[in-house]
Protein chains: 2
Amino acid sequence: MDPAPKRMSTEARRRQLLAFGREHFAQHGFEAMPMDAIAEHAGVSKGLLYHYFGDQRGFYMETVRGVTDEVIATIEPPSDQAFEDAFRTMVTRFVQYVQTHRAIYRALVRGGLGSDTEVNALLDRVRVTSMERILERLGVGEPSSLSRIAIYGWVSLVENSCAEWTEADGVSPDELVELFTSAFQPILEVLN
Amino acid sequence: MDPAPKRMSTEARRRQLLAFGREHFAQHGFEAMPMDAIAEHAGVSKGLLYHYFGDQRGFYMETVRGVTDEVIATIEPPSDQAFEDAFRTMVTRFVQYVQTHRAIYRALVRGGLGSDTEVNALLDRVRVTSMERILERLGVGEPSSLSRIAIYGWVSLVENSCAEWTEADGVSPDELVELFTSAFQPILEVLN
DNA sequence: ACAAGCTATTGACGATTCGTCAACAAAAAA
DNA sequence: TTTTTTGTTGACGAATCGTCAATAGCTTGT
């Protein structure tokens, strides 16, 4: 695939492998594919993957974490806006992220890494972070059980609607943002 | 575990193995567990599992299908009610199902069989069936892309809220039904 | 009661994949 | 050049999948 220098610095090699992993998973999903084959496509030996990432799960984890961290950074709500505006900014940025990173996002939520408990925890971290940021901006200290369930549900709605969106045609980002915003109103009624 | 008769009729053995599988997955989730070990716990040989279900995926599939078919049958909306009532009946029955089958339901949506494309298709069948029934009752023939996305999102909200609910305390079924009903109103605005 | 036939059931087997590790080789240091 | 460091490899053992000929329990016929 690449000229693939025979020997690279630890950091450079690591970045290269993670970049390849991201691209690979975006195209092929996280379906079971032997580490041998992945390594071959990446132009290195299987042993090298294990050397850098410990085990298969480790490679998946680091790749996924790269994406989830990116998402979390993207939807950081601006601190100089009132709630309604900050909320809309978060949602808008999220939708834009999905639009810009269609393939990898779909692989993330549809590619089926739910099987792995640890990897799934990374996905849940995005959801929980979103929840906490919203609750914090609303000044809700200790949300009730119902509040948590309601917000979690809304976040899931956003997540899965976006996943479907990546396979649909003719729906603009604005329409999605509008949908998510209006869907949040009944949730707001319930919070604490 | 059981007295485990040495030889059973094909149908009886099949039912017994599926019942065991359901119980096993409810308790342990669908985490990777060797077929050898599963067979041992079930009191049969590994070969027998393969004989009845073809392969590992086949065993998972049949077990999951048992549950998904049950869910689909449960939320069949009554045909003699107006939409609002039929809708509420569907949601209520669904919530009751989750309450009654906590363990297996959580395993279903959290146990991580998303990894497998085919098994995931079974889960999606529940969502799609729900969507179609609602759309049909509303008299929506060919839903727009946005409509599909919106309803799919709402179904995901219900699904994931319920999954969280199985791990939470102090939230009544009625509160959930109320939440889901109010969360549906903005969706209704968008449909076609 | 016994033999013969049917079929539910088994466990050993080859194939595939995971993860390890001692050996190798390319760059840097002396 | 020689030595040292360390990025890299491929062969290996362990674990698991899925197969299949052999086995053993039930049924039928006499």
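Note on naming: letters A, B, ... go to the chains in the order of the sequence lines (proteins, then strands), and numbering restarts at 1 for each one. The figures that follow rest on heavy atoms only: side chains count, while hydrogens, waters and symmetry mates do not.
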Proximity to the side chain of B/Thr10 - top-ranked nucleotide from D/dG7, C/dA8, D/dT16: C/dA8
Aromatic rings B/His28 and B/His24: how do their planes relate, parallel, tilted or perpendicular, breaks at 30° and 60°? parallel
Provide, to the nearest angstrom, the distance between the OH atom belonging to A/Tyr50 and the P atom belonging to C/dT17. 11 Å
May I ask you to say whether B/Glu167 pairs ionically with B/Arg110, meaning some side-chain N is under 4.0 Å from a carboxylate O? no
Of all heavy-atom pairs between B/Arg137 and B/Ser79, which one has the smallest distance, and what is that distance? NH2-CA, 3.2 Å
Pair A/Ser182, B/Glu189: side-chain N/O donor-acceptor within cut-off below 3.5 Å: no
Could you check whether the side chain of A/Lys46 and the base of C/dG19 have a donor-acceptor pair of N or O atoms closer than 3.5 Å, going by distance alone? yes
Going by the rule salt bridge (charged side-chain N to carboxylate O under 4.0 Å, His left out), which residues pair with A/Glu132 if we only count those two or more places apart in sequence or in a different chain? none
Interface polar pairs with nucleotides 24-29 of chain C, N/O, under 3.5 angstrom:
unit_1 : atom_1 : unit_2 : atom_2 : d
C/dA26 : N3     : A/Arg7 : NH1    : 3.1

Listed nucleotide nearest any side-chain atom of B/Ser45, set D/dT8, D/dC17, C/dG11: C/dG11
If you measure only the distance, is there a donor-acceptor pair under 3.5 Å linking the side chains of B/Tyr152 and B/Asp124? yes
Which nucleotide wins on minimum distance to the side chain of A/Leu48, given the candidates D/dT8, C/dC18, D/dT16? D/dT8
Rounding to an integer number of Å, can you tell me how far A/Leu49 CG sits from C/dT20 P? 13 Å
